[in-house]
Amino acid sequence: MKRGKKAINSDDLSLIAGLLERSDDIVYRYEIEPEPKYSYISPSIEKLTGYTAEEHYEDPYLYQKYIHPEDREDLKDLLQKRKKGFANIRIVHKNGSVHWVQRNETALFNPQNKPIAVEGIMRDITEIKEQEQALIDSEQRYRDLTENTLAGIYIIQEEKIVYCNHGLIKMLGYSSPDQLIGKPVMQFIAPEYRNIVQQEIRLREKGQKETSHYELAVIRADGTRLPIEALGQKSVYQGKPAVYGIFLNIMERKKAEQDLHVSETNYRHLIQHAPDAFFQINMTGNIILVNWNAVKLTGYAKTELQKMKVRDFFSPEELKQNPFRYDLLKKGKTLYKKRTLIRKDGQKVPVEIVARSMPDNTFIAFVRDISARIEAESQLRIQSSALDHAANGIIITNIDGDIEWVNKAFTSITGYSKKEVLGKTPRILKSDKHELLFYKNLWDTILQGKIWRDKIINKRKDGSFYTEELTIAPVFNDSGKITHFVGIQLDVTGQEKVLQELHKTLDRLHRLSDHTNEILEQERLEISRNLHDHLGQILTAIKMDLSWLLRKWTSTPDLVTRRIEETRSLVDQAIQSVQEINSGLRPSMLDELGLWETLEWLCQEMSKRSGIEIEMNLKHKFIRLPEQYVLPVYRVVQEAITNVVRHSGATKARLHITPLKDKILFSVSDNGTGIPENKLDSPENFGLIGMQQRIELLGGEFEIKRKTKGTEVLFNLPFL
């Protein structure tokens, strides 16, 4: 016969209610429908949270105040998964303390599968959590102790080494565990001790002896012997009998205390000479140890610091906004913080603090002055701004050529805004003025990690073309892989035009030079012809006349006198020829009378010869020009007046000289027909080019003006 379930009577319910009232566990039922509320919650909820059961009945959302913000999402899981579940979460007590609880909740659903309530039990597991952490810390300390101890620790199975720590490796003079693991232990034991060691190992592996303690000698890697003290114990390793043991260096036993002292001294020496300020702080925040950089950073003496608390270096406002998290340090976390430290003299110093807890329940902190770093970051921002405002266009792309950054000069050169080019490729500037091979060479070069430089014709946003000198350099990461390309643009469109003009000017200069050489050759030929044909004939006639005079002097004195007069006339002609030739080379009047009188004489002579009225206007003849100005000024004025006489068809001309504060102006003007337009810029007009070159070589300015009637040659020279 099938047995049915026993019904719960009122006594059972009273018993259950009493148990719930007295239990430290919290039992609750939370209704979701028709409205959120607690239909039951144990009184012990007040002990866990600080809030009474009555407060929960009055406020169904009270739990949101004490459930830790980071754990609230876990509460939604049960409803979403629609099944029972455990969750470990944190509760923030009304007094601010934090507790770990284990929640076991079950969601209840109506026939429409909609959640209508949650039933659950909560249990305080803070102590269990702390024990788990303590166990983890203990295991970590054990591992650290095992690996960092000076003693040699080993595990032996079947007389072979299956584990050894760094201390044993170092003790035996080896560099890695591979040199010991799997090797017979006897190969490291001095021959005279092998029997006893082998016997001790076998006894412990068989369980006939728990522990052993004896002395022996081992053979180190370099062949030297080292006396040691061996401590061994029977153990199990990976499910098999084994021997766990420790080797102690007896030779160093007597110096252990001294070595410890040396080690501590070295530690303190390192701390004292650490590049950062060092503080050791106890649990109450009192400073117990500092180094010299801490003295330097804070401005306090070491004795003063050891009477202070670490909070004394920071303002109350900062501590309120950014309090010390000793709670996190106690949990083993390493904290990194940026703060503003206040020195003894009141100066504020930006610092970076790295703090952690120590096994002796103290805290250590390394404090670094980051003023220089902040300054460097500021400089970096300045440099970044400088790049953005650089005159050259700068463009940065990724490895695929997508534009990631451009500066203002780039947008100015190309006409594209930064927003228009980001994410695009430089192909938007392509002008189709280059062959595909040109671009292939570009990419082949930069993808090989080399720098590419060349001139390139690109197209602006408005469709106009411009020439730029482009340099593209690859950017590498720490692994030597190309990540970006940086392009630097220099718009040389204007320079190209200048170069074209320069080539034209050089061509003119070459033509002028050739023309000058031709003129010099013609002048030399003319001088030679004059000297030979004119002056030579005159001198020959003089010579013949003198010979005739010598013969005829006594017989015909009247005839001789007449011949002497004729000879004097020939001599005068010779002198006149010499003067004309000399005047063509350099007028002697420039040296004898000066520039102004010579120019006045030039105007009078040219006026007599041409019939053109030529006037010179100079108010202050006492002005003296530098010697290097004299001949060029004379030649330019001479050329200008000669051009008037030869080409202008003028009836009047005027030389006007005006001294100013820092320069002197010259003007040669006429009332003739004027110079033709095509003559002004003609590269064949060597006379005008020569005049201009003479003036500009002296640092002056030269200009020719076409007037309504006539032409004006203007030039000026600076006063030295």
Side-chain angles (χ1 to χ4, degrees), residues 382-477 480-513 677-678 680-684 689 692 696:
I382 293 172
Q383 291 171 4
S384 177
S385 176
L387 286 176
D388 196 35
H389 293 85
N392 289 355
I394 301 175
I395 176 174
I396 299 176
T397 74
N398 60 20
I399 187 66
D400 298 320
D402 301 320
I403 298 173
E404 294 186 354
W405 185 85
V406 295
N407 69 346
K408 293 180 180 178
F410 174 89
T411 63
S412 176
I413 293 171
T414 64
Y416 288 98
S417 68
K418 184 178 291 188
K419 184 178 180 181
E420 289 176 312
V421 299
L422 291 182
K424 305 289 180 60
T425 69
R427 284 192 292 272
I428 61 175
L429 305 175
K430 191 175 179 182
S431 65
D432 294 326
K433 296 288 185 180
H434 301 280
E435 300 291 336
L436 291 178
L437 186 61
F438 177 86
Y439 296 103
K440 182 180 183 301
N441 175 62
L442 184 158
W443 277 101
D444 288 346
T445 301
I446 61 178
L447 288 175
Q448 291 173 10
K450 300 177 182 178
I451 296 175
W452 182 89
R453 293 187 183 90
D454 206 341
K455 286 184 180 179
I456 185 171
I457 300 174
N458 277 332
K459 185 168 65 175
R460 297 185 179 91
K461 182 181 178 181
D462 62 8
S464 62
F465 297 105
Y466 67 98
T467 304
E468 66 179 53
E469 287 184 356
L470 179 60
T471 300
I472 304 177
V475 178
F476 302 89
N477 61 14
K481 184 179 178 181
I482 299 174
T483 61
H484 292 80
F485 298 107
V486 177
I488 301 177
Q489 302 173 308
L490 177 60
D491 188 351
V492 295
T493 307
Q495 295 181 17
E496 290 292 307
K497 292 180 180 178
V498 170
L499 286 174
Q500 292 175 5
E501 291 298 323
L502 181 59
H503 288 310
K504 291 180 181 179
T505 302
L506 287 174
D507 183 63
R508 290 178 181 177
L509 288 176
H510 287 310
R511 292 171 179 267
L512 177 61
S513 176
E677 183 72 31
N678 62 342
L680 282 176
D681 299 322
S682 173
E684 305 295 334
I689 294 174
Q692 181 176 354
E696 290 181 351

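What you are looking at is a predicted structure, and each value in this text was computed from that prediction instead of being measured.
Between atom CG of residue Leu490 and atom CG of residue Asn392 there is a gap of 5.0 Å, rounded to the nearest 0.5 Å. Glu435 CD to Asn441 CG: the interatomic distance, rounded to the nearest 0.5 Å, is 13.0 Å. To the nearest 0.5 Å, the span separating CG on Asp454 from OG1 on Thr445 amounts to 9.5 Å. Remark: Lys459 NZ to Leu429 CG distance equals 10.0 Å, nearest 0.5 Å. Note that OH of Tyr439 and NE2 of His434 are 5.0 Å apart. Values are rounded to the nearest 0.5 Å. A distance of 8.5 Å separates CZ of Phe485 from CD1 of Ile472, quoted to the nearest 0.5 Å.
Crowding of Lys433 atom NZ: a count of heavy atoms from other residues, nucleotides or ligands under 6.0 Å not exceeding 12. Other residues, nucleotides and ligands contribute more than 12 heavy atoms inside 6.0 Å of the CD1 atom of Ile382.
Between Val406 and Ile403, the closest heavy-atom pair is CG1-CG2, 3.7 Å. Closest non-hydrogen pair, Lys455 versus Phe438, comes out as O-CZ, 3.7 Å. Taking both residues in full, the closest heavy atoms of Lys450 and Pro474 are given as O-CD, 3.4 Å, listed atom of the first, atom of the second, then distance. Looking at every heavy atom in both residues, Thr411 comes nearest to Lys408 through OG1-O, 2.6 Å. The minimum heavy-atom distance between Pro426 and Gly401, with the atom names listed, is CD-O, 3.2 Å. The two residues Tyr416 and Ile428 come nearest to each other via the heavy atoms OH-O, 3.6 Å.
Listed for the Ser431 side chain is a donor-acceptor partner under 3.5 Å among the backbone atoms of Ile457. Judged purely by atom type and a 3.5 angstrom limit, Asp491 has no side-chain atom pairing as donor or acceptor with the backbone of Thr414. A donor-acceptor contact shorter than 3.5 Å links the side chain of Asp462 to the backbone of Ser464.
Residues Asp402 and Thr425 meet the side-chain proximity criterion, which asks for heavy atoms closer than 4.5 Å. At least one side-chain heavy atom of Ile399 sits less than 4.5 Å from a side-chain heavy atom of Leu447. Annotation: side chain of Ile394 is not in contact with side chain of Phe410 (no heavy-atom distance under 4.5 Å). Considering only heavy atoms from C-beta on, Gln489 comes within 4.5 Å of Leu470 through its side chain.
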